[in-house]
Colleague: 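Attaching a single structure in structure tokens format; questions to follow.
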Amino acid sequence: MIIEKIERAPKEIVEGFKSLLSYDSVTCAVSDSMGRFNAMTAAMKPLYPGIRFVGTAVTVRTLAADIAAPFKAIDLCDPGDVILIDSHGSQDTAFWGENMTMSAINRQVTAAIIDGACRDVEEIRKLRFPVICKGIVPNVGSVSGYGQINITIQCAGVSVSPGDIVIADENGVVVVPKNDCRMILEKAQTLLETEHIVQEKIKAGATIGQLINVDEVFKKVFAYQNKAVNKEG
């Protein structure tokens with residue numbers, strides 16, 4: 001299945017998330033705003049330091065060792081899109097390389113995220129094209145014509161639908177569902193704008209445990225556990 005036309009998150013919302021890149025640790029704030037969900041696994045690594053971006057998702061699901069769908073996905077991208085590749089669990093075949101990178105740059109693609117491996121890393125680093133993946137391997141997949149484009153995929157532990165907003169910094173990658181993006185943007189903006197209040201209190205000598213009253217959190221858990229033990233008795 002190849003879906004060529006997708007609904008993307010509103011442009012003003014995407015620009016709103018881009019404006020948050022002026023803060024450090026944007027992905028942390030966005031994940032917190034989604035109930036500490038929607039972050040990709042720690043196995044995902046940037047190809048070089050300092051990668052930070054916001055874009056809209058174009059999704060790919062491949063069969064192991066078939067690179068045709070990622071090729072086609074590049075051609076379907078609008079400027080500012082991010083290509084996300086679900087490699088069907090394959091870790092030993094590259095699903096991204098130099099020629100794909102050059103093609104993506106021609107289409108003004110923002111980045112590629114591969115739940116799998118890539119190759120031609122020296123060339124990609126020279127081109128300064130953002131790639132986040134699980135590994136590096138020299139052998140590339142064949143062009144066999146299988147795979148799907150712009151369907152909901154699983155990418156490094158996160159469900160991603162075409163048109164979702166993808167955010168990356170040196171803490172990792174988070175995905176914001178396009179249907180919730182306006183609400184999540186407002187939450188993240190508020191969190192980042194007010195975080196300095198907490199940090200000023202810590203600089204003045206407080207601890208984070210004191211500020212969130214962590215003793216009360218433990219007290220509630222202990223009370224629940226004791227109640228459960230008493231019921232069993």
Colleague: Is the closest basic N to carboxylate O distance between K134 and D115 below 4.0 Å?
Modeller: yes

Colleague: Are V140 and F71 in one and the same hydrophobic cluster, where Ile, Leu, Val, Met, Phe, Trp and Tyr link if side-chain heavy atoms are under 4.5 Å apart?
Modeller: yes

Colleague: Linking I/L/V/M/F/W/Y whenever any side-chain heavy atoms sit under 4.5 Å apart, do M102 and I124 land together?
Modeller: yes

Colleague: Distance check, rounded to the nearest 0.5 Å: C155 atom SG versus I132 atom CD1?
Modeller: 9.5 Å

Colleague: Using 0.5 Å steps for rounding, measure from the CG atom of N179 to the CD1 atom of I184.
Modeller: 11.5 Å

Colleague: Once rounded to the nearest 0.5 Å, what's the spacing between atom CG of L127 and atom OG1 of T101?
Modeller: 6.5 Å

Colleague: Judged by atom type as modelled, is there a donor-acceptor pair below 3.5 Å linking the side chain of T59 to the main-chain atoms of I151?
Modeller: yes

Colleague: Can you list every pair that meets side chain to side chain donor-acceptor pair (under 3.5 Å) and has a residue in residues 37-46, with sequence neighbours left out?
Modeller: none

Colleague: Do other residues, nucleotides or ligands put more than 12 heavy atoms under 6.0 Å from F37 CZ?
Modeller: no

Colleague: How close do A57 and V166 get, heavy atom to heavy atom, and via which atoms?
Modeller: CB-CG2, 3.9 Å

Colleague: Give the minimum heavy-atom separation between G141 and T93, together with the two atoms involved.
Modeller: N-CG2, 3.2 Å

Colleague: Going by heavy atoms in the side chains, are I83 and I113 under 4.5 Å from each other?
Modeller: no

Colleague: May I ask whether M100 and L63 are part of the same hydrophobic cluster, defined by side-chain heavy atoms of I, L, V, M, F, W, Y residues being less than 4.5 angstrom apart, directly or through others?
Modeller: no

Colleague: Show me the pairs that pass side chain to side chain donor-acceptor pair (under 3.5 Å) and involve residues 60-73, at least two apart or across chains.
Modeller: R61-Q148

Colleague: Donor-acceptor pair, S90 side chain versus S87 backbone, under 3.5 Å?
Modeller: no

Colleague: Looking at side-chain heavy atoms only, is the closest gap between V175 and M40 below 4.5 Å?
Modeller: yes

Colleague: Applying the 4.5 Å side-chain criterion to the ILVMFWY set and letting contacts propagate, would V137 and V121 be lumped into a single cluster?
Modeller: no

Colleague: Considering all heavy atoms of both residues, which atom of C77 and which atom of V109 are nearest to each other, and what is their separation?
Modeller: CB-CG2, 3.6 Å

Colleague: Look only at the side chain of D180 and the backbone of P177, and say whether a donor-acceptor pair between them is shorter than 3.5 Å.
Modeller: no

Colleague: If you look only at pairs with a residue in residues 156-165, which of them pass as a side chain to side chain donor-acceptor pair (under 3.5 Å), with sequence neighbours excluded?
Modeller: T152-S161

Colleague: I'd like to know if V174 and I13 are part of one continuous hydrophobic network [Ile/Leu/Val/Met/Phe/Trp/Tyr, side-chain heavy atoms within less than 4.5 Å].
Modeller: yes

Colleague: Check this for me: D24, atom CG, are more than 12 non-hydrogen atoms of other residues, nucleotides or ligands nearer than 6.0 Å?
Modeller: no

Colleague: Looking at R125 and E122, is any side-chain nitrogen of the basic one under 4.0 Å from a carboxylate oxygen of the acidic one?
Modeller: no

Colleague: Please find the pair of heavy atoms, one from I114 and one from M44, that lie closest to each other, and give the distance.
Modeller: O-CE, 3.3 Å

Colleague: Take atom OH of Y146 as the centre, draw a 6.0 Å sphere, and report whether it contains more than 12 heavy atoms from other residues, nucleotides or ligands.
Modeller: no

Colleague: If we ignore hydrogens and angles and just use 3.5 Å, is the side chain of K178 paired with the main-chain N or O of P162 as donor and acceptor?
Modeller: yes

Colleague: Any non-hydrogen side-chain atom of F17 less than 4.5 Å from a side-chain atom of V30?
Modeller: yes

Colleague: Would you mind writing out the side-chain donor-acceptor pairs for residues 197-214 within the sub-3.5 Å range, not counting sequence neighbours?
Modeller:
unit_1	atom_1	unit_2	atom_2	d
T207	OG1	Q210	N	3.2
Q210	OE1	T207	N	3.1

Colleague: Please report the shortest heavy-atom distance between V173 and A168, naming the atom on each side.
Modeller: CG2-CB, 4.1 Å

Colleague: Does a sphere of radius 6.0 Å around CG in D75 hold more than 12 heavy atoms from other residues, nucleotides or ligands, not counting ones at 6.0 Å or beyond?
Modeller: yes

Colleague: Run R107 and D81 through salt bridge (charged side-chain N to carboxylate O under 4.0 Å, His left out) and show every step you take.
Modeller: CA-CA 9 Å; R107 299 290 298 181; D81 285 343; over 6 Å; no

Colleague: Does a side-chain heavy-atom distance below 4.5 Å link W96 with F129?
Modeller: yes

Colleague: Check side chain to side chain contact (heavy atoms under 4.5 Å, CB included) between S103 and all other residues, then give those that pass, not counting sequence neighbours.
Modeller: I74

Colleague: State, to 0.1 Å, how close V82 and G55 come at their nearest heavy-atom pair, and which atoms those are.
Modeller: CG2-CA, 3.7 Å

Colleague: Considering residues, nucleotides and ligands other than E216, do more than 12 of their heavy atoms fall under 6.0 Å from its CD?
Modeller: yes

Colleague: Nearest 0.5 Å please: distance from the CD atom of E195 over to the OH atom of Y23.
Modeller: 9.5 Å

Colleague: For D169, give me all partners under side chain to side chain contact (heavy atoms under 4.5 Å, CB included), at least two apart in sequence or on another chain.
Modeller: V26, T27, R52, N171

Colleague: Less than 4.5 Å apart, any side-chain heavy atom of V176 and any of I167?
Modeller: yes

Colleague: Do the non-hydrogen side-chain atoms of P10 and C181 ever get within less than 4.5 Å of each other?
Modeller: yes

Colleague: Do V60 and I153 have side-chain heavy atoms sitting under 4.5 Å apart?
Modeller: no

Colleague: Under 3.5 Å, side chain of R119 to main-chain N/O of A94, donor-acceptor pair present?
Modeller: no

Colleague: Are there more than 12 heavy atoms of other residues, nucleotides or ligands under 6.0 Å from atom CD of E7?
Modeller: no

Colleague: Working to the nearest 0.5 Å, report the span between CD1 of I6 and CG of N150.
Modeller: 4.5 Å

Colleague: Counting only heavy atoms from other residues, nucleotides and ligands, does the tally under 6.0 Å from CE of M34 exceed 12?
Modeller: yes

Colleague: Nearest 0.5 Å please: distance from the CG atom of L84 over to the OG1 atom of T56.
Modeller: 10.0 Å

Colleague: Return yes if some donor-acceptor pair links the side-chain N/O of S33 with the main-chain N/O of A188 below 3.5 Å, else return no.
Modeller: yes

Colleague: Do R128 and Y48 have side chains that get closer than 4.5 Å, going by heavy atoms?
Modeller: yes

Colleague: Do side-chain atoms of S31 reach the backbone of C28 as a donor and acceptor pair under 3.5 angstrom?
Modeller: no

Colleague: Mark yes when over 12 heavy atoms from residues, nucleotides or ligands other than R182 sit less than 6.0 Å from its CZ; otherwise mark no.
Modeller: no

